[in-house]
Amino acid sequence: MKYDFRRIEKKWQKYWLDNKTFKADSNSEKPKYYVLDMFPYPSGSGLHVGHPLGYIASDIVSRFKRSKGFNVLHPMGFDSFGLPAEQYAVKTGQHPRKTTEENIVRFRDQLDKLGLSFDWDREIKTSDSSYYRWTQWIFLKLFNSYYDHGLNKAQPIAKLKIPKKLNEKEIESFIDSKRLAYVDTIDVNWCEELGTVLANEEVIGGLSERGGFPVIKRPMKQWVMRITDYADRLLDDLSELDWPESIKLSQKNWIGKSEGAEIKFSIDNNFIEVFTTRPDTIFGATYLVLAPEHPLINQITTDEYRKSISEYIDQASKKSDLERQENEKNKTGVFTGSFALNPISNEKIPVWISDYVLFSYGTGAIMAVPAHDERDNEFAKKFNLKIIKVIDGGNKDDCYTGNGSIINCGEYDGIDNIKFKSIVVEKLESENKGTKTINYKLRDWIFTRQRYWGEPIPIIYDGNNKKALEFDDLPLELPEVESYLPTNDGLSPLARNNDWVNVSINGKNYLRETNTMPQWAGSCWYFLRFIDPDNNNEFANKDLIKYWMPVDLYIGGAEHAVLHLLYARFWHKVLFDLDYVSTTEPFKKLVNQGMILGKSAFAHRIKNTNDFISFDMIKDEKTQKIHVDISFVDEKNRLNIERLKQNHSEFNDVNFIKGESFYVSRDIEKMSKSRYNVISPDDICKRYGADTLRMYEMFLGPIDQSKPWNTAGISGVFTFLNKFWNLFHRNEKFYVVDDQPSDEALKIYHKTVKKVVNDIDKFSFNTCISSLMICVNELKSQNCNSKKILEPLLILLSPFAPHISEELWELMGNKKSISDEPYPEHDEKYLEERSFDYPISFNGKRRFNKKLDLDLDEKTIREQVLSDKQTEKYLNNNSVKKIIIIKNKIINIVF
RNA sequence: GCCUUGGUGGCGGAAUUGGUAGACGCGCUGGAUUCAAAAUCCAGUUCUUUCGAGAGUGUGGGUUCGAUUCCCACCCAAGGUACCA
């Protein structure tokens, strides 16, 4: 019998599905283990070989843990709200639900072919109303809660102490000012092309993350999440997480906690408050700078400068973020005409405005210390402002930002600047001119999008009064609309359906909120719904949450380092405070899978012509690189021009200049449809089978590293699986015997078990597979057909290549699925060494090995080594200074 | 600029964390089998070499009996970040 992977894989995939082999049992006595993948957005282009990398890794761990006696929860679902389906709907008029459903079917089909052990009974889709009902419910929980800074946790609004003597309207706005989900008019990132507001996190360098369209600032009414109240806890709790340090660090930087002081600089009868992390440099503060949006500017500007100031403010407001950033190296600013008093040195210092100071951070005003801050230094030099050095940084730098002792500060000279920080703060505090403060970079999370394909926000308005929908009104279903475009005045497409927007409750008329939630909403809590996906009374049963949470292993891409992971942690902490979940953190261990890169192919077009030239013939010609589909390029980088022309008509009129063949150049890039470098797992599955694909993806290298895909190497893994299959066969017939295996066979087997178990724990799947390959080669050369080794070896391999293992397991006469078998353990006794090849080194350089008995004592080893003929040769009359023997394994002779 | 990660054969990558560098796989070379090819199997494969040996883990130093591993300086690549006071 040959290894017929097509038949085997089809058979077992059906078996697992029919028998619900991987159904997670919530009433188990076993210890639990929750393995979660970041669920995919079902995009139109389907899976490429990069997607399954994380799924295969988590599947190996799931199967391994199951075999190790854990009750494993390994679910999968779809993050099915999102922009691409909506943009497609705008273009074609097709309902996003339809495209999304179609894509999900395709994804599911592709995932099934990989033999992944998901419990599909728990599948969820964030765009199902039975799911987003609870997303809306959590939104209302946030709406109806505030953060109690005394208790350091969220509390229901009912517990909020309301100051006396407020009228009804004032009470309402007081409560609104405390809610964790609130409405605010803020300058938002507005993207005209996408017709929507974007979170700061979704804007990169002034352009939208998706699509790369320009983004401008625009004031709008928005729902906002008060994530800043959780800044400290989000930061502190990072330390207890088993996450990659780099991810923890980027979250830390994103939260951006900095300790410093707010200092009051008096000006006439008023004062300007600044935030600084360097109060120790206050003697060097030679001017103040306000952000152009600062409210005091109007008051303090003298008539003489009024015109230039208002011009500057006008210009600054028109600048986009991108333009502001472009000017980073060329600072602009204007003098207000006023002077403020430095509260410590009592010097009169000028007050300027400039857009290098951000209104949204700190107090929107800074004290400028040009001698010890690079930005201030640049500004001062440009506008000829005074520079005073107050910290001794030697003579090297004209702008010294390090630490040192204080200079030019009279009585304080010579003090260490770190000590001086607290001296200054204490002095300011005692004179009521400043306070110690902490600032964060983290901003509140803008939660609304002017989009159709998202969760409707369950709020109605009676004029300006907000009213939350009742529990029974949920889910608030997404209404049908005529067009998926935002309205001309920037309202969400939902505003187009008047029947839906106008609602009457108990005879009273209301208007519905028409914005929808951002895509992050659904993924903020999906791991909780997997625990109890069909519950109609709660988002998930509390006891079940207590049993399954936290997620023991979370695998996904590093691109979610700050966005998804921070938001999900935030919601989880709110739910924890309100006593709905039992853990402060949702994800105990996080592993990032690296990207699989594609090998793009480029044809070279001679500039300003329609002539393409073979890569080997390019001499002085200036050429442009044009992506060509890699499926028309062979391993020797030769392009099949005929097939290219057949499939891509734009090449029909092209003149190809070539010798014998037309050569392309190759480059390694991210895999994407537009780069024509995508390798689909379907093709690989068809040719080699899922087991080969699974093992090859893992064999490619460490899971967390980015690496290029190269299909050429896959034959090695395929050969291995064939060899493995043949190990159980002789003369084309299944052949396994009950004989006692040889000592050598047992030795290699136990060695492999030890290594594989150890490496799975370390997520080093590539070395696991190497060990398995060595093992199979050895057993084969020893003609080992013993059941005593082959049976446990099957279990050992089963997490990696489940289909072939199941098939051989059945051929051995077993009735139940191999996935219920306990994972093998190694026996130390077969690994003990009687003697050892001691490597003998001279002055650290290895020369030869000497076989020595392990039980010898050090003295005998010395004698034996020194009396060896080869030793004599290498010593060559030099006298021995020292002999070093370490761990009974290393011998180094120093002479 | 700053932060993070990484740099080992022709290629993907190993190395028990300071102890035989290049495991395992691809590719390549030679051989067996075959009318032939595919497939399979066996042997070899870091480089240089006067066949004694010598050099070698991005570069240059250092610590050590011994460094891919630790320390210092620098170079390169990928990713993140962007005037956060």
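First the proteins, then the strands, lettered A, B, ... as listed; each starts at 1.
Rounded to whole Å, the separation between the P atoms of B:A73 and B:U4 comes to 13 Å. With C1' as the reference atom, B:C24 and B:A15 are 12 Å apart, rounded to whole Å. Taking atom P on both B:U63 and B:U68, the two are 16 Å apart, rounded to the nearest angstrom. B:A39 and B:C26 have their P atoms separated by 12 Å, with the value rounded to a whole Å. Rounded to whole Å, the C1' atom of B:G13 lies 13 Å from the corresponding atom of B:U57. One P atom belongs to B:G58, the other to B:C3, and the distance between them is 22 Å to the nearest Å. Only the P atoms considered, B:A32 is 25 Å distant from B:C47, to the nearest whole Å. Taking atom C1' in both B:G31 and B:C65, the straight-line distance is 45 Å, to the nearest Å.
Under the salt bridge (Lys or Arg N to Asp or Glu O under 4.0 Å) criterion, A:Glu259 pairs with no residue at all, not counting sequence neighbours. Checked against salt bridge (Lys or Arg N to Asp or Glu O under 4.0 Å), A:Asp232 has the following partners two or more places apart in sequence or in another chain: A:Lys257. Checked against ring-ring contact (aromatic ring centres under 6.0 Å, His included), A:Phe275 has no partners two or more places apart in sequence or in another chain. With sequence neighbours left out, the ring-ring contact (aromatic ring centres under 6.0 Å, His included) criterion links A:Tyr830 to A:His750. Remark: A:Phe379 pairs with A:Tyr287, A:Trp352, A:Tyr356, A:Phe383 by the ring-ring contact (aromatic ring centres under 6.0 Å, His included) rule, at least two apart or across chains. Legend: residues meeting ring-ring contact (aromatic ring centres under 6.0 Å, His included) with A:Phe420, ordered by chain and number and at least two apart, are A:Tyr412. Residues forming a salt bridge (Lys or Arg N to Asp or Glu O under 4.0 Å) with A:Asp376 (at least two apart in sequence, or on another chain): none.
Put simply, CG on A:Asn783 is 14 Å from P on B:C41, counting in whole angstrom units. A:Phe359 places its CZ atom 17 Å from the P atom of B:C83, with the value rounded to the nearest Å. The distance from atom CD of A:Glu778 to atom C1' of B:A23 is 13 Å, rounded to the nearest whole Å. Spacing between atom CG of A:Asn592 and atom C1' of B:G80 amounts to 12 Å, rounded to whole angstrom units. Whole-Å rounding puts the A:Asn253 CG to B:C3 P distance at 10 Å. Going from atom CD1 of A:Ile596 over to atom P of B:G79 covers 16 Å, rounded to whole Å. In this structure, A:Glu293 places its CD atom 13 Å from P of B:C83, rounding to the nearest Å. For the pair A:Phe765 CZ and B:A23 P, the interatomic distance rounds to 23 Å; values are reported in whole Å.
The closest side-chain donor-acceptor pair between A:Ser600 and A:Asn677 falls under 3.5 angstrom. No hydrogens or angles considered: nothing links the side chains of A:Thr711 and A:Tyr696 as a donor-acceptor pair under 3.5 Å. A donor atom on one side chain and an acceptor atom on the other are not found under 3.5 Å apart for A:Asn439 and A:Ser258. When only modelled atom types and interatomic distance are considered, A:Asn417 and A:Asn403 share a side-chain donor-acceptor pair under 3.5 Å.
Phosphate proximity of B:A85 to A:Tyr356: absent, as no side-chain N or O sits under 4.0 Å from OP1 or OP2.
Where A:Lys780 and A:Ser715 each meet RNA chain B at their nearest nucleotide, the meeting point lying more 5' is that of A:Ser715. Between A:Gly713 and A:Tyr440, the residue anchored nearer the 5' end of RNA chain B, judged by the nucleotide with its closest heavy atom, is A:Gly713.
Comparing atom distances between the A:Met773 side chain and each of B:A85, B:U40, B:G25 picks out B:G25 as nearest. Considering only side-chain atoms of A:Trp254, the nucleotide from B:A85, B:A82, B:U40 that sits closest is B:A82. Among the nucleotides B:G27, B:A85, B:C24, the one closest to any side-chain atom of A:Phe275 is B:A85.
In B:G9 the O4'-C1'-N dihedral to the base is within 90° of 0, which defines a syn nucleotide. A syn orientation is assigned to B:U17, its glycosidic angle lying within 90° of 0. Because its glycosidic torsion is more than 90° from 0, B:G30 is reported here as anti.
Note on A:Asn777: only backbone sugar-phosphate atoms sit closer than 4.0 angstrom, heavy atoms only; bases stay farther off. Using a 4.0 Å heavy-atom criterion, one finds that A:Ser360 contacts no nucleic acid atom at all. Within the 4.0 angstrom heavy-atom criterion, no nucleotide atom of any strand lies near A:Ser250. Using a 4.0 Å heavy-atom cutoff across all strands shown, A:Lys762 reaches no nucleic acid atom at all.
Applying side chain to side chain contact (heavy atoms under 4.5 Å, CB included) to A:Phe800 and the options A:Val756, A:Leu721, A:Val717 leaves one that passes, A:Val756.
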Whether each nucleotide of nucleotides 4-14 of chain B has a protein heavy atom under 4.0 Å at its base (B), only at its sugar-phosphate (S) or at neither (-) is summarised, 5' to 3', as S-------BSS
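Where RNA chain B pairs in unbroken runs of 3 or more (Watson-Crick or G-U, both distances under 3.5 Å), the stems are B:1-7 with B:75-81, B:10-12 with B:24-26, B:27-32 with B:40-45, B:46-48 with B:53-55, B:58-62 with B:70-74.
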